[in-house]
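Worksheet for the structure shown next.
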Protein chains: 2
Amino acid sequence: MGVTKTQVFTDRQNRIADLAKALAHPARVAIIQHLLKVNSCVCGDLVEVLPLAQATVSQHLKELKQIGIIHGEINPPRVCYCINETVWQEAKAIFGDLFETPVSAACCN
Amino acid sequence: MGVTKTQVFTDRQNRIADLAKALAHPARVAIIQHLLKVNSCVCGDLVEVLPLAQATVSQHLKELKQIGIIHGEINPPRVCYCINETVWQEAKAIFGDLFETPVSAACCN
DNA sequence: ATAATCTATCGTATTATTGCAATGAACAAA
DNA sequence: TTTGTTCATTGCAATAATACGATAGATTAT
């Protein structure tokens, strides 16, 4: 049906999936990397950095904002985006947990 | 146009996005968690564990296999799936790097 | 008030993803 | 050979995601 059956999975599984979705597009990876690197909270500079139209960049920013991984502060006429430390740490912890899970002995290695 | 412009991003950014995509659906998260946990490399047991049809599970497995994060060994009449340690470590490292990037002082916190 | 700047949103087109029933392929057991 | 088991693939339908031009909204500068 093309719609993910989120209700049959755990909250944690859905959260992992949502946080992963934030990173599941190279443009959003580039946005996050740039926000991590640049000392000031660039805004429309992202449009310059990314080879995408302004509308497309704005849409990716909206998704990241919705997931919570970034937030923007209106500072007219610009909007100042930056990493949301809280959610960033949440993502770090959640992925850290996952990757630290010991891989059980496999039968087909 | 609905198609990701992969060619304008770096290989690393695309790789991060691909690996994240593997985790960007709760069913695939559940599959990976189960493969990490279960000592034997379950195959169709995944269909029992997941509240999805066999065809759907097979499709998610195919995606995970394509990204490289799991691999399957035919062991008739079953197929034995397990985590691909190499790629798993690659993912661990790539996400570890990303999350260890120091967050620069933000202007809008 | 007018113009310029920056960002968000709308509308639209295209492709990708999710899901499942049905079918097919491969093999083991009878 | 026939049957049953297991998994992959196909075909279809519906929703999500990607991308961009055009436009609207908000604010500053002139």
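Numbered from 1 within each chain, the chains take letters A, B, ... in sequence-line order. Below, all heavy atoms of this structure are taken into account, side chains as well, without hydrogens, waters or symmetry copies.
Between the CD atom of B:Q66 and the C1' atom of D:dA8 there is a distance of 15 Å, given to the nearest Å. Separating the CD1 atom of A:I70 from the C1' atom of C:dA8 is a distance of 13 Å, rounded to the nearest angstrom. Atom CD1 of A:I31 and atom C1' of D:dA19 are 13 Å apart (whole Å). The CG-P distance, from A:L50 to D:dT18, rounds to 14 Å in whole Å. The interatomic distance linking B:K21 (NZ) with D:dT18 (P) rounds to 7 Å, in whole Å. The CZ atom of A:R78 sits 11 Å away from the P atom of C:dT5 (whole-angstrom rounding). Counting to the nearest Å, the C1' atom of C:dG19 and the NZ atom of B:K62 are 15 Å from each other. The distance between atom CG of A:L61 and atom C1' of D:dA19, rounded to the nearest whole Å, is 14 Å.
Listed pair B:Y81 / D:dT6 fails the phosphate criterion, with no side-chain N or O lying under 4.0 Å from OP1 or OP2. When the side-chain nitrogen and oxygen atoms of A:H60 are compared with OP1 and OP2 of D:dA17, none of them lie within a distance under 4.0 Å. Put simply, B:T56 has no side-chain N or O that comes within less than 4.0 Å of OP1 or OP2 on C:dT18. Considering only side-chain N and O atoms, B:S58 lies nowhere under 4.0 angstrom from the phosphate OP1 or OP2 of D:dC7.
When all heavy atoms of B:A27 and B:L52 are compared, the closest pair comes out as CB-CD1, 3.6 Å.
The nearest heavy atom of DNA chain C to A:V47 and to A:F9 marks one nucleotide each, and the one closer to the 5' end goes with A:V47. Both A:T6 and A:G44 sit near DNA chain C, but only A:G44 has its closest nucleotide nearer the 5' end. Toward the 5' end of DNA chain D, the nearer of the two residues A:R28 and A:A55, judged by each one's closest nucleotide, is A:R28.
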#### Entry: A:K21 vs B:K21, side-chain contact (heavy atoms from CB on, under 4.5 Å): CA-CA, chis, key distance, verdict
CA-CA 6 Å; A:K21 213 170 288 180; B:K21 215 171 287 180; over 6 Å; no
### Intermediate values then yes/no, salt bridge (charged side-chain N to carboxylate O under 4.0 Å, His left out), A:E100 and B:K92
CA-CA 8 Å; A:E100 271 168 30; B:K92 180 178 182 169; 5.9 Å; no
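In this structure, B:A53 reaches the sugar-phosphate backbone alone: every heavy-atom distance under 4.0 Å involves primed, P, OP1 or OP2 atoms, never a base. Using a 4.0 Å heavy-atom distance criterion, A:L52 is classed as a sugar-phosphate-only contact. Residue contacts shown for A:Q54 include a base, since a base heavy atom lies under 4.0 Å away.
Ring geometry for A:F95 versus B:F99: interplanar angle under 30°, hence parallel rather than tilted (30 to 60°).
One cannot find a donor-acceptor pair under 3.5 Å joining the base of C:dA8 and the side-chain atoms of A:Q59.
Between the OG1 atom of A:T86 and the CD1 atom of A:I69 there is a distance of 11.5 Å, given to the nearest 0.5 Å.
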